[in-house]
Enquirer: 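I am attaching a structure below and will ask some questions about it afterwards.
Along the sequence shown, residues carry numbers from 1.
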Amino acid sequence: MENIAMLSAQLTLSISSQEEATKQKDDLSSEVASLRGELHQVRDDRDRRLSQAQTLNADLMRLKESRENSCVELDSLTLKANDLEEKSSLKENQIKALQEQLATAEKKLQVSDISVFETRTEFVGQQKFVDELQRRLEDAEYKLIEGERLRKKLHNTILELKGNIRVFCRVRPLLHDESRSTEGKIFSYPTSMEASGRQIDLAQNGQKHCFTFDKVFIPEVSQEEVFVEISQLVQSALDGYKVCIFAYGQTGSGKTYTMMGRPGHPEEKGLIPRSLEQIFQTKLSQQPQGWKYEMQVSMLEIYNETIRDLMSTNRSSSENGTPGKQYTIKHDASGNTQVSDLTVVDVHSAKEVAFLLNQAANSRSVGKTQMNEQSSRSHFVFTLRIYGVNESTDQQVQGVLNLIDLAGSERLSKSGSTGDRLKETQAINRSLSSLSDVIFALAKKEDHVPFRNSKLTYLLQPCLGGDSKTLMFVNISPDPSSVSESLCSLRFASRVNACEIGTPRRQTNGRATDSRLSYF
């Protein structure tokens, strides 16, 4: 039993030893498997390292080749660097020189900046001063314009109260064949406040003659600017006044151009077409206020002391020598003038009147003289009678607008007229001489005024001695060879300007029984 017990103990110990050995075996098998895996991994690492070593060897070979190439390039770059260093040193020297120049320029610029600042400050101060002067100048110009406007208004009022004939002087430009030397200038125009636009000085043989009129137009003044000055006078005809505007002067001084303008050039229209345009425009503008107007036109010429109807359809017979109608001038107690059998046309627009004016211009007597290629050989009288009624207030007005282009005065020695031209010149000069006699009588306030001495003065009697608003244009030639005639014209115009003909009266009475005969 002891042996069995001992053997059992040994058997148990052997079994436990066997189990432990089996366990160790399993552990060792696991370790062997692990070591085999590690060995496989190590082999793989070795193969990878060998591959990397081969790659590195190849890279090393390439690097060696690259190093050799780099050495060659380095040598080349070294040479280039040396060249660049030399160039750089040169550039540095240039930069230093430029920097010195720049420093000098900056110093100069600083000085210039200071100078510019001072100049700018001075400029700003001067600009403020100029602006102040400009403002003062504008104020002064405004005051001057207002003062001139007031002066004109007061002057016109005084003239209307005194009844003086207004006189405008117009000097035409020199023609291309006339002397343009500054030494040959015979006219000057004072620019003082009192004389500007109103005074004209004429120099003859070293003597200076000064004349003052209601307005003086220098050669550069346009037709429109001239018309602006008379537009209010034209308006008076619509307001019921008798208005008469006539042009006086030697032949070739621009009378017909002033009154009629230059055909084919609308911007150079004369006073007659511009007056008609204004009247018809005003007629339209006053319609909303209840005004309605009727207008009638007549045109005549006084040729060799004979009245000719420029709108008559029977002119050819009288021009061929066959006696035509005998026109007579009559004045009634109301101060109206009648020309018997004169053609009168009702007009409704400025175009109608322009057509009639063109017809009359073609019918007017003109001729060539040594002083004028197209000299008017007759006195032209355009008359527009206006009858207006206001349907709202029952107010009636009667106005008359007479626009007259007188034939030019001329000396026989200068005009070289012979034959019919000589007779025409003598008739023109006689009628203008009669006009001068009338003006002298009016200026001296004589009891008898010789209106009947010529057809012209008898026709103009209501304008020169009645209640009409009358304006005379004295047209002057700037040609030095015409200085004597110009002086005579200016002296005559001064006498006209001094004439008192009575205060203008507005006609507000009803229409005349035979209104187609009453014109002046």
Side-chain angles (χ1 to χ4, degrees), residues 163-170 211 213-214 242-256 258-259 300-308 329 331 335 337 339 364-365 375-383 402-412 415 423-466 468-477 484-502 519-520:
N164 286 52
I165 299 176
R166 278 174 260 193
V167 175
F168 286 178
C169 173
R170 187 179 191 187
F211 299 92
F213 300 107
D214 298 288
K242 296 178 183 177
V243 176
C244 179
I245 301 174
F246 64 97
Y248 174 90
Q250 71 176 98
T251 186
S253 59
K255 300 182 300 301
T256 302
T258 296
M259 299 304 290
L300 62 86
E301 69 173 351
I302 300 175
Y303 176 76
N304 286 348
E305 280 300 296
T306 302
I307 293 177
R308 288 182 174 182
I329 303 169
H331 304 295
T337 297
V339 180
R364 189 179 177 188
S365 301
S375 176
S376 301
R377 313 307 294 166
S378 66
H379 307 300
F380 171 71
V381 181
F382 170 89
T383 303
N402 296 295
L403 301 170
I404 303 168
D405 178 19
L406 298 179
S409 61
E410 56 188 51
R411 295 188 179 183
L412 294 175
S415 66
K423 293 179 181 178
E424 292 168 356
T425 301
Q426 291 171 339
I428 291 169
N429 288 342
R430 276 197 303 270
S431 63
L432 293 177
S433 178
S434 298
L435 178 61
S436 179
D437 294 339
V438 167
I439 294 300
F440 288 155
L442 290 171
K444 294 179 180 179
K445 300 185 183 301
E446 293 181 357
D447 294 334
H448 173 68
V449 180
F451 287 112
R452 292 179 176 270
N453 285 4
S454 75
K455 290 277 178 59
L456 175 65
T457 54
Y458 194 46
L459 191 65
L460 292 179
Q461 182 174 345
C463 303
L464 299 175
S468 173
K469 289 187 176 184
T470 304
L471 168 69
M472 184 184 88
F473 270 92
V474 55
N475 291 84
I476 302 297
S477 168
S484 297
E485 289 83 355
S486 297
L487 183 59
C488 290
S489 295
L490 291 170
R491 283 173 173 166
F492 175 72
S494 292
R495 295 190 186 99
V496 172
N497 207 188
C499 289
E500 297 179 8
I501 60 174
Y519 278 89
F520 280 80

Enquirer: What's the separation between atom SG in Cys499 and atom NZ in Lys445, rounded to the nearest 0.5 Å?
Expert: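 If I round to the nearest 0.5 Å, the distance is 8.5 Å.
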Enquirer: State, to 0.1 Å, how close Ser431 and Thr457 come at their nearest heavy-atom pair, and which atoms those are.
Expert: O-CG2, 4.5 Å
Enquirer: What is the distance from atom CG of Leu456 to atom CG of Leu432, rounded to the nearest 0.5 Å?
Expert: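 If I round to the nearest 0.5 Å, the distance is 7.0 Å.
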Enquirer: Just do the side chain to side chain contact (heavy atoms under 4.5 Å, CB included) check on Arg491 and Phe211 with the steps written out, would you?
Expert: CA-CA 8 Å; Arg491 283 173 173 166; Phe211 299 92; 3.9 Å; yes
Enquirer: What is the minimum heavy-atom distance between His379 and Ala407, and which atoms define it?
Expert: ND1-N, 3.0 Å
Enquirer: Would Thr470 and Phe246 count as a side chain to side chain contact (heavy atoms under 4.5 Å, CB included) here? Give the steps.
Expert: CA-CA 8 Å; Thr470 304; Phe246 64 97; 3.8 Å; yes
Enquirer: If I take atom CG from residue Leu490 and atom CD1 from residue Ile476, how far apart are they, to the nearest 0.5 angstrom?
Expert: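 Here the interatomic distance stands at 4.0 Å.
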Enquirer: Set out, in order, the CA-CA distance, both residues' side-chain angles and the distance that settles side chain to side chain contact (heavy atoms under 4.5 Å, CB included) for Val496 and Phe213, then state yes or no.
Expert: CA-CA 10 Å; Val496 172; Phe213 300 107; over 6 Å; no
Enquirer: Is Asn497 reaching over with its side chain to a backbone N or O of Ile165, donor-acceptor style, under 3.5 angstrom?
Expert: yes
Enquirer: Does any N or O in the side chain of Glu305 come within less than 3.5 Å of the main-chain N or O of Lys455, such that one atom is a donor and the other an acceptor?
Expert: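 A pair under 3.5 Å: yes.
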Enquirer: Ignoring hydrogens and geometry, is there a side-chain-to-backbone donor-acceptor pair from His331 to Tyr458 under 3.5 Å?
Expert: yes
Enquirer: Is a donor on one side and an acceptor on the other found under 3.5 Å between the side chain of Lys469 and the backbone of Ile245?
Expert: no
Enquirer: Dump the intermediate steps for side chain to side chain contact (heavy atoms under 4.5 Å, CB included) on Leu460 and Val438, then the final yes or no.
Expert: CA-CA 10 Å; Leu460 292 179; Val438 167; over 6 Å; no
Enquirer: Are side-chain heavy atoms of Lys255 and Phe473 found at a separation under 4.5 Å?
Expert: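 No. Closest side-chain heavy atoms not under 4.5 Å.
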Enquirer: Using 0.5 Å steps for rounding, measure from the CG atom of Leu459 to the SG atom of Cys244.
Expert: 9.0 Å
Enquirer: Look up atom CZ in Phe492 and atom CG in Leu435, then write down how far apart they are to the nearest 0.5 Å.
Expert: 4.0 Å
Enquirer: Would you check if the side chain of Asp214 reaches a backbone N or O of Val167 as a donor-acceptor pair within less than 3.5 Å?
Expert: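 Yes.
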Enquirer: Would you please say whether a donor-acceptor pair under 3.5 Å links the side chains of Arg308 and Ser378?
Expert: no
Enquirer: Please list, chain by chain and in numerical order, all residues satisfying side chain to side chain donor-acceptor pair (under 3.5 Å) with Ser477, sequence neighbours excluded.
Expert: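 Testing Ser477 for side chain to side chain donor-acceptor pair (under 3.5 Å), a comparison that skips the adjacent residues, returns Arg172.
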Enquirer: To the nearest 0.5 Å, tell me how far Tyr248 OH sits from Leu406 CG.
Expert: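 If we round to the nearest 0.5 Å, Tyr248:OH and Leu406:CG are 8.5 Å apart.
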Enquirer: Which heavy atom of Ala427 sits nearest to which heavy atom of Asn304, and what is that distance?
Expert: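 Heavy-atom minimum between the residues: CB-OD1, 3.4 Å.
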Enquirer: Check Met259 against Ala247 and note the closest heavy-atom contact, atom names and distance.
Expert: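 Result for this residue pair: CG-CB, 3.8 Å.
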Enquirer: Taking the side chain from Ser433 and the backbone from Asn429, do they hold a donor-acceptor pair closer than 3.5 Å?
Expert: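 Between the backbone of Asn429 and the side chain of Ser433 there is no qualifying donor-acceptor contact (under 3.5 Å).
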Enquirer: Considering all heavy atoms of both residues, which atom of Val381 and which atom of Thr383 are nearest to each other, and what is their separation?
Expert: CG1-OG1, 3.8 Å
